[in-house]
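Note that the structure is predicted; figures quoted are calculated from it, not measured. As a basis for the values below, the full set of heavy atoms in this structure was taken, side chains included, without hydrogen atoms, waters or symmetry mates. First listed ligand is number 1; within each ligand, the first listed atom is number 1.
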Amino acid sequence: MLLMRLIRPVARASVLLCAFAVLLGAGGSAFAGLGQPTPWQMGFQQSAAPTMDDIVWFHNFVLWIIVAITAFVLALLVIVMVKFNARANPTPSRTTHNTLLEVAWTVIPVVILVVIAIPSFRILFVQLNIPQADLTIKATGNQWNWTYTYPDDKVEFPSIMLTDAERTKLNPPPPRLLAVDNPIYVPVNKVVRVQVIGSDVIHAFAVPSFGVKIDAIPGRLNETWFKATREGVYYGQCSELCGKDHAFMPIEVRVVSEQAYATWLADAKKKHSVEGAPANAVAASQ
Ligand SMILES: [Cu+2]
């Protein structure tokens with residue numbers, strides 16, 4: 001059986017490559033930091049939200065498929081080069097059609113695509129279908145900082161990156177190019193709806209640990225959501241090239257207990273209160 005003889009080394013190579021991928025994946029997640037990147041990080045930042053758990057799972061799932069396909073194609077190429085070169089195979093076969101093979105190489109890729117599409121669409125739906133929100137935050141991208149509004153609490157404040165001089169005054173110094181003067185605070189295990197808009201050009205609001213990334217477009221209110229399940233400090237960045245200081249408008253989210261959130265909110269209401277409801281605000285209860 002020529003087919004069986006061809007398939008066996010392919011299967012062996014696939015197993016080896018899969019084992020390599022596992023090592024790579026495991027090493028990557030071991031190095032990944034919570035809420036911020038770490039030196040030599042290979043994989044995603046650690047997940048702190050159910051949506052990101054889904055994304056990490058889907059990424060690993062597709063990685064297996066890619067590794068298997070790549071190993072298979074590589075093995076086929078090597079077999080063809082070794083067994084069927086002009087020296088090894090001076091009188092080539094004149095076969096042009098093999099119905100079984102042709103049906104297989106049409107149907108199998110279709111099946112693989114369907115297997116990828118089903119969980120992919122499910123995750124897309126979870127991301128875009130915003131559940132009943134406990135809290136709404138509006139993030140407005142400006143050149144080059146963010147303005148955050150808590151419409152239900154009539155709180156609004158700008159959030160600007162800390163300079164190196166400002167950072168080094170703090171103990172311990174927060175990460176470079178990520179820490180800001182006024183972070184967003186959210187309570188842990190609550191559904192946070194984020195409304196995102198641009199005030200001048202297109203920006204993008206992205207926090208890797210929450211699996212959130214959505215464009216901030218002038219004149220269009222985009223929405224996304226996250227539910228942070230672990231307390232901590234989470235950093236993100238503007239993820240759309242928006243001008244010369246694109247790299248200097250980070251996002252800092254502090255996930256805290258409900259009491260700590262209430263304390264922060266009371267303080268924020270004193271410092272950053274705005275008269276009346278801010279423009280475009282939509283109450284979380286709606
Ligand atoms: Cu930007």
Answer with yes or no whether the side chains of Asn142 and Thr147 bring together a donor and an acceptor at under 3.5 Å.
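Side chains of Thr147 and Asn142: pair found under 3.5 Å.
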
Say you draw a straight line from CG of Asn145 to CD1 of Ile160; how long is it, rounded to the nearest 0.5 Å?
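Separation between the atoms: 5.0 Å.
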
First locate atom CD1 of Ile123, then atom CD1 of Ile118, and finally report the distance between them rounded to the nearest 0.5 Å.
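Output value for this atom pair is 12.5 Å.
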
Looking at the Cu ion (ligand 1), is one of the N, O or S atoms of Met249 less than 2.8 Å from it?
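Yes, since at least one N, O or S atom of Met249 sits under 2.8 Å from the Cu ion (ligand 1).
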
Looking at Lys190 and Glu258, does any basic side-chain N land under 4.0 Å from a carboxylate oxygen?
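Salt bridge present between Lys190 and Glu258.
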
With the Cu ion (ligand 1) as the point of reference, which N/O/S atom of His203 is the closest?
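It is ND1, the N, O or S atom of His203 closest to the Cu ion (ligand 1).
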
What is the SG(Cys238)-the Cu ion (ligand 1)-SG(Cys242) angle, to the nearest 10 degrees?
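Between SG of Cys238 and SG of Cys242, at the Cu ion (ligand 1), the angle is about 120°.
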
